[in-house]
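All remarks here apply to the structure that follows.
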Amino acid sequence: MTAVSVRNVWKEYDGRIVLEQVSLEVEPHSFIALVGPSGCGKSTFLRMLLSAETPTKGDILFEGERLPGEPTADRGVVFQRYSVFPHLTVLENVVLGKEFAASPLLGKLFGKARKRAREEAAEILTAVGLGDFLHLYPSQLSGGMQQRLAIAQALIKRPKILLLDEPFGALDPGIRAEIHVLMLKLWRETRMTVFMVTHDLSEAFHLGTRVIAFDRPRNRPEERDRYGATITHDLAVWPPKYPVSDTHIASGGTTRLLDELEALPGRPGVGH
Amino acid sequence: MDRAGGRPAVMRKRMINVYPTRGAALFLAALPFLLLLLAYLAGSAARLADNPDDKLLPSFASIGAGFARMAFEADPRTGDVLLWVDTAASLARLLAGLAIATVMAGVFGIAIGLVPFVRTTFNGFVAVIAMIPPLAILPILFIIFGLGETSKVALIVIGVAPVVMRDMILRVDEMPRELMVKAQTLGASTWQIALRVVVPQMMPRLIDSVRLSLCSAWLFLIAAEAIASQSGLGYRIFLLRRYLAMDTILPYVAWITLLAFALDFGLRRLQGKAFPWFAQGRT
Ligand SMILES: Nc1ncnc2c1ncn2[C@@H]1O[C@H](COP(=O)(O)OP(=O)(O)OP(=O)(O)O)[C@@H](O)[C@H]1O
Ligand SMILES: [Mg+2]
């Protein structure tokens with residue numbers, strides 16, 4: 001049984017084809033890393049998985065059922081920016097998910113229920129290393145802390161799928177390595193399926209069980225509107241159960257994909 | 001410091017990077033006021049030297065006396081101390097009008113901004129209604145509501161609400177799409193999103209919007225009072241105009257300005273106190 005099944009999905013914006021013929025079968029508890037040049041439609045693909053955008057053609061199935069037409073609580077998300085609510089403190093940001101579920105009318109908990117929800121939220125926040133910052137506002141946090149907050153906020157809903165759009169792009173290498181460890185731990189414990197967009201190939205191979213590359217097979221200027229990007233590489237990361245370390249990154253599979261991606265025409269940021 | 005490049009010893013910064021010291025800042029901020037005061041004093045002295053009975057630019061002494069007469073002495077005809085009676089009447093109208101306008105604008109603005117069905121129904125309507133010059137329908141308000149308080153409050157509401165409402169719609173539009181999606185992935189219903197995400201984020205912006213419309217609220221108030229009223233600051237200055245009583249009109253205008261400034265200041269403080277995250281996020 002597959003967790004997510006993407007069947008021949010196309011996406012057009014005003015007649016401009018962005019994605020075409022995207023098909024993908026994803027096992028439950030996969031960690032899918034999505035890579036590809038800027039503007040090829042990775043975020044668009046993620047937004048479709050989230051139902052924040054609908055495919056122009058094709059279907060996306062989740063556990064055998066067509067995706068609902070709007071975002072739901074079983075699919076969590078961390079965007080690159082604007083992922084947390086600026087008017088709520090760290091703790092309130094995480095409690096919010098509980099309050100929505102438990103209090104349809106006011107969206108707010110009181111008394112014992114409130115205390116319990118706050119304790120659970122504080123626990124998750126401690127797990128992501130924000131236990132000492134419960135009463136700060138997001139604007140008082142660094143970029144890395146905000147992203148960890150966003151992850152905690154998504155996790156309290158115990159989503160079956162977690163979608164991450166360049167979640168760690170703005171972080172320095174030290175914090176990034178810390179969050180990687182945390183992310184893998186959470187992924188193992190929660191057994192959710194993760195889709196993560198990243199521009200960092202070593203991150204993709206470090207975290208992913210499978211690395212999917214999007215690109216435009218035809219990318220001459222006159223072709224750009226008529227042909228979209230599609231999946232050009234689909235690599236299982238080997239070995240499947242890897243240790244939480246960087247050693248495997250130098251493995252053959254990684255370098256091969258790196259070479260292939262470098263060789264692709266029209267990749268921005270790559271010299272000839 | 002490296003002067004090997006042959007630059008002058010004192011490096012001149014760009015204008016945009018040069019700030020006055022504390023003392024200089026205080027002086028500079030006071031300067032325009034002082035200049036205006038000086039210009040008035042000179043003009044007043046010159047006219048009074050020419051004609052001691054001149055009413056146009058009264059001396060500070062007679063302005064002070066005029067203010068004291070209005071603020072501390074009971075009016076011989078009614079027995080009221082006029083300045084306070086007028087202030088109470090005007091503020092009651094202004095605050096009632098502003099409160100109703102703010103609530104209306106907040107509720108409808110957010111509903112229109114958030115719910116596509118409400119938006120398609122009312123967006124065009126609000127855009128057209130907002131274009132009606134409020135003073136043009138003042139006569140209609142007098143006919144419908146009579147010359148009492150209702151018509152004056154209604155004028156302020158009609159003048160202020162559409163502008164604030166349109167601003168609210170724009171502010172809701174401005175909210176990052178990501179936040180709306182995020183709230184939905186946390187399982188929020190439309191009502192919960194409105195209550196816990198949109199309304200709290202709009203409150204400080206609503207205060208900004210109301211602050212900007214204070215000026216037009218005063219305009220509508222004074223216009224309504226000038227045309228049909230028995231009390232109020234606007235009524236008084238238009239009444240005093242008949243006697244060319246500049247010595248009381250001028251302190252009244254200064255008093256109105258002070259009230260408007262205090263209201264604006266109060267709202268700004270309220271915003272900072274009640275929504276600390278807003279000011280922090282802006283810098
Ligand atoms: N709402 C929209 N309306 C019109 N065009 C859009 C819209 N959203 C995305 N696009 C277009 O779709 C293409 C893919 O955008 P997308 O944001 O998915 O790229 P991406 O792969 O995430 O790029 P990056 O790596 O830079 O984030 C771009 O050419 C973009 O201009
Ligand atoms: Mg993107």
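Sequence lines set the chain letters: A, B, ... in the order given, protein chains first and strands last, and positions in each chain run from 1. Remember, predicted model here, so these are calculated numbers, not experimental data.
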Measure [X] against the heavy atoms of chain B and call it side chain, backbone, both or neither at under 4.5 Å.
{"X": "A/Leu163", "result": "neither"}
{"X": "A/Phe79", "result": "side chain"}
{"X": "A/Lys98", "result": "neither"}
{"X": "A/Ile156", "result": "neither"}
{"X": "A/Tyr137", "result": "side chain"}
{"X": "A/Ser103", "result": "backbone"}

What residue in A/Gly76, A/Ser51, A/Pro71, A/Pro104 has the most heavy-atom pairs under 4.5 Å with chain B? A/Pro71
Nearest heavy atoms of [X] and [Y], plus distance in Å:
{"X": "B/Val181", "Y": "A/Ala52", "result": "CG2-CB, 4.0 Å"}
{"X": "A/Arg81", "Y": "B/Glu178", "result": "O-CG, 4.0 Å"}
{"X": "A/Phe85", "Y": "B/Val197", "result": "CE2-CG1, 3.7 Å"}

Residues from residues 184-195 of chain B approaching chain A under 4.5 Å (heavy atoms):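 B/Gln184, B/Thr185, B/Leu186, B/Gly187, B/Ala188, B/Trp191, B/Gln192, B/Leu195, listed by number.
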Could you list which of residues 15-23 of chain B have a heavy atom closer than 4.5 Å to any heavy atom of chain A, in residue-number order?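 Within residues 15-23 of chain B, no residue comes under 4.5 Å of chain A, counting heavy atoms only.
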Output all residues satisfying side chain to side chain donor-acceptor pair (under 3.5 Å) with B/Lys182, sequence neighbours left out; order by chain, then residue number.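 Once residues adjacent in sequence are excluded, the partners of B/Lys182 under the side chain to side chain donor-acceptor pair (under 3.5 Å) criterion are A/Gln153.
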A/Arg114, CZ: over 12 other non-hydrogen atoms inside 6.0 angstrom: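 It does not: A/Arg114 CZ has 12 such atoms or fewer within range.
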Are A/Glu99 and B/Arg196 within salt-bridge range, i.e. N to O under 4.0 Å? yes
Which residue pairs pass the side chain to side chain donor-acceptor pair (under 3.5 Å) test when at least one of the two sits in residues 103-121 of chain B, sequence neighbours left out?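 For residues 103-121 of chain B, and leaving out neighbouring residues, the side chain to side chain donor-acceptor pair (under 3.5 Å) pairs sorted by first residue read B/Arg119-B/Asp173.
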